[in-house]
Colleague: 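To start, I am sharing the structure in question, which I have written as structure tokens.
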Amino acid sequence: MFKIHPERNTSRLHFIVLLSGVFLIIFSIQTFRISFTTEDDLVAISGKVFSTDMYITSSKSFKTKQTHYSSNLIVTLSGNNRLFKITEPEKYSEKLQKIKAGLKKGNVATIYIKKKDIIETGPKIYRIDAANKTLLSLEDTKSEDIYVAMFSILAGIALLVVFLYLRYPNFAKKYI
């Protein structure tokens, strides 16, 4: 691996590695909870579709000078002051275009959000039903977070192993 000189004070490095590992594990547990959302955790908000707006945002990376695009769909319901927003990391998302086509102005739509997000003005959408059709299913929204959760739990465990190796090298060589 790499060698750290004994005269250098490494307790600060150990603390940063430990803190980062613990933070990643806590983040992954929270993300796993989001990805295992069930129908019982959701609350339905119904109303007539007031407007649907779709726009594309772009951001440029400093390092690679590459432009990244994302499609955004904003839905508002009559009598409701919330902006329901869905974002896809593509320039022209067919998924969002199908949802927009299914949400015609004046038709009744039902948007499902988490019960704990009921007071937020821009809650995450987990499901959309309109005209007796499901435009966005719960399974589509849950599958986005599972990969982030898996990566962060593995990175957190790896950082904890590095912490054990740095802090207790004899113990780590014996068991790891």
Side-chain angles (χ1 to χ4, degrees), residues 20-159:
S20 300
V22 170
F23 173 75
L24 279 172
I25 289 174
I26 291 171
F27 173 74
S28 65
I29 290 170
Q30 192 71 3
T31 309
F32 269 123
R33 288 180 58 213
I34 290 171
S35 44
F36 291 116
T37 302
T38 62
E39 294 281 340
D40 297 334
D41 299 333
L42 302 179
V43 63
I45 298 175
S46 295
K48 288 188 178 184
V49 177
F50 182 70
S51 69
T52 56
D53 297 317
M54 191 167 173
Y55 63 94
I56 298 169
T57 57
S58 64
S59 60
K60 200 167 199 171
S61 173
F62 279 124
K63 290 182 179 179
T64 62
K65 304 291 186 208
Q66 192 175 23
T67 305
H68 301 281
Y69 296 97
S70 65
S71 299
N72 300 293
L73 176 67
I74 294 181
V75 179
T76 55
L77 300 177
S78 295
N80 198 321
N81 61 350
R82 291 182 184 88
L83 293 175
F84 300 102
K85 182 178 177 183
I86 308 170
T87 302
E88 287 289 317
E90 304 170 0
K91 189 170 185 177
Y92 298 106
S93 173
E94 285 185 29
K95 178 180 171 183
L96 292 185
Q97 289 175 354
K98 287 179 183 176
I99 293 172
K100 183 178 179 182
L103 293 172
K104 302 212 183 305
K105 187 172 183 173
N107 287 351
V108 176
T110 305
I111 297 177
Y112 293 86
I113 61 173
K114 273 195 164 184
K115 291 177 184 174
K116 69 177 183 98
D117 294 340
I118 197 80
I119 58 172
E120 292 186 19
T121 56
K124 181 177 179 180
I125 300 173
Y126 288 90
R127 186 173 146 194
I128 299 177
D129 293 339
N132 296 326
K133 287 178 22 185
T134 300
L135 302 175
L136 179 68
S137 68
L138 180 62
E139 286 74 30
D140 292 342
T141 56
K142 288 192 323 186
S143 64
E144 299 167 355
D145 298 327
I146 194 77
Y147 300 112
V148 174
M150 290 174 71
F151 173 76
S152 59
I153 191 90
L154 290 175
I157 291 171
L159 282 174

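Quick note: numbers below take in every heavy atom, side chains included, and nothing from hydrogens, waters or symmetry partners. For this chain, numbers begin at 1 and follow the sequence in order.
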Colleague: Which value, rounded to the nearest 0.5 Å, describes the distance between Thr31 atom OG1 and Tyr147 atom OH?
Modeller: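 That separation rounds to 14.5 Å.
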Colleague: Under a 4.0 Å threshold between the charged nitrogen and the carboxylate oxygen, would Arg82 count as salt-bridged to Glu120?
Modeller: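 So Glu120 does not pair with Arg82 through a salt bridge.
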Colleague: Would you say the side-chain atoms of Thr57 and Ser70 include a donor-acceptor pair closer than 3.5 Å?
Modeller: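 Indeed, the side chains of Thr57 and Ser70 share at least one donor-acceptor pair under 3.5 Å.
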Colleague: For residues Leu159 and Ser20, report the shortest heavy-atom separation together with the two atoms involved.
Modeller: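 Heavy atoms only, the tightest pair is CD1-CB, 3.7 Å.
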Colleague: Between Leu136 and Arg127, is a side-chain contact (heavy atoms from CB on, under 4.5 Å) present by the stated rule, with each step listed?
Modeller: CA-CA 5 Å; Leu136 179 68; Arg127 186 173 146 194; 5.8 Å; no
Colleague: Please report the interatomic distance CG(Leu103) to CG(Leu73), rounded to the nearest 0.5 Å.
Modeller: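 Going from CG on Leu103 over to CG on Leu73, the span is 7.0 Å.
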Colleague: Looking at residues at least two apart in the chain, or sitting in another chain, which of them share a salt bridge (charged side-chain N to carboxylate O under 4.0 Å, His left out) with Glu94?
Modeller: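 Partners of Glu94 by the salt bridge (charged side-chain N to carboxylate O under 4.0 Å, His left out) criterion come out as none, since no residue qualifies.
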Colleague: side-chain contact (heavy atoms from CB on, under 4.5 Å) for Phe84 and Lys124? Distances and angles first, verdict last.
Modeller: CA-CA 7 Å; Phe84 300 102; Lys124 181 177 179 180; over 6 Å; no
Colleague: Is there side-chain contact between Ile25 and Ile153, with heavy atoms separated by less than 4.5 Å?
Modeller: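 Ile25 vs Ile153: side chains touch.
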Colleague: Start with the C-alpha distance between Glu90 and Lys95, add both sets of side-chain angles, then the distance that settles salt bridge (charged side-chain N to carboxylate O under 4.0 Å, His left out), and finish with yes or no.
Modeller: CA-CA 10 Å; Glu90 304 170 0; Lys95 178 180 171 183; over 6 Å; no
Colleague: Would you say that Met54 contacts Leu96 through its side chain, given a criterion of any heavy-atom pair below 4.5 Å between the two side chains?
Modeller: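 They are in contact (side-chain heavy atoms under 4.5 Å apart), so the answer is yes.
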Colleague: Decide yes or no for Ile118 and Val43: does some side-chain heavy atom of the first lie under 4.5 Å from some side-chain heavy atom of the second?
Modeller: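 Yes - at least one pair of side-chain heavy atoms lies under 4.5 Å apart.
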Colleague: Which residue is it: Asn80, Leu42, Ile125, Asp129? I am looking for the one with a side-chain contact (heavy atoms from CB on, under 4.5 Å) to Ile111.
Modeller: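 Checked Asn80, Leu42, Ile125, Asp129 against Ile111; only one passes side-chain contact (heavy atoms from CB on, under 4.5 Å): Ile125.
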Colleague: Using the side-chain contact (heavy atoms from CB on, under 4.5 Å) rule, take Leu77 and Lys48 through it: C-alpha gap first, then chi angles, then the decisive distance, then the call.
Modeller: CA-CA 5 Å; Leu77 300 177; Lys48 288 188 178 184; over 6 Å; no
Colleague: Compute whether any side-chain donor of one residue and acceptor of the other, for Thr76 and Ser51, lie under 3.5 angstrom apart.
Modeller: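 Thr76 vs Ser51: donor-acceptor pair found between side chains.
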Colleague: Decide side-chain contact (heavy atoms from CB on, under 4.5 Å) for Asn72 and Ile86; before the verdict, give the C-alpha distance in whole Å, the side-chain angles of both, and the deciding distance to 0.1 Å.
Modeller: CA-CA 6 Å; Asn72 300 293; Ile86 308 170; over 6 Å; no
Colleague: May I ask you to decide if Gly47's main-chain N or O and Ser78's side chain share a donor-acceptor pair within less than 3.5 Å?
Modeller: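 Such a contact is absent between Ser78 side chain and Gly47 backbone.
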Colleague: What distance separates Phe23 CZ from Ser152 OG, expressed to the nearest 0.5 Å?
Modeller: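 Spacing of CZ (Phe23) from OG (Ser152) equals 9.0 Å.
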Colleague: To the nearest 0.5 Å, what is the distance between NE2 (His68) and NZ (Lys60)?
Modeller: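 Reported value, rounded in 0.5 Å steps: 10.5 Å.
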Colleague: Should the pair Lys115-Asp117 be classified as a salt bridge under the 4.0 Å nitrogen-to-oxygen rule?
Modeller: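 Salt bridge: no.
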Colleague: Can you tell me how far the OH atom of Tyr112 sits from the CG atom of Leu138, to the nearest 0.5 Å?
Modeller: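 If I round to the nearest 0.5 Å, the distance is 10.5 Å.
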Colleague: Taking it one step at a time, do Ser46 and Thr110 satisfy side-chain hydrogen bond (donor to acceptor under 3.5 Å, both in side chains)?
Modeller: CA-CA 4 Å; Ser46 295; Thr110 305; 3.0 Å; yes
Colleague: Taking C-beta and beyond as the side chain, do Lys104 and Val49 meet within less than 4.5 Å on heavy atoms?
Modeller: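 They are not in side-chain contact.
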Colleague: Starting at NZ of Lys100, measure out to OG of Ser93 and round the result to the nearest 0.5 Å.
Modeller: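 So the NZ of Lys100 and the OG of Ser93 are separated by 12.5 Å.
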Colleague: For residues Ile113 and Tyr126, report the shortest heavy-atom separation together with the two atoms involved.
Modeller: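 Ile113 and Tyr126 have their closest heavy atoms at CA-CD1, 4.2 Å.
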Colleague: Answer yes or no: is there a side-chain heavy-atom contact under 4.5 Å between Phe27 and Val148?
Modeller: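 Answer yes - side chains close enough.
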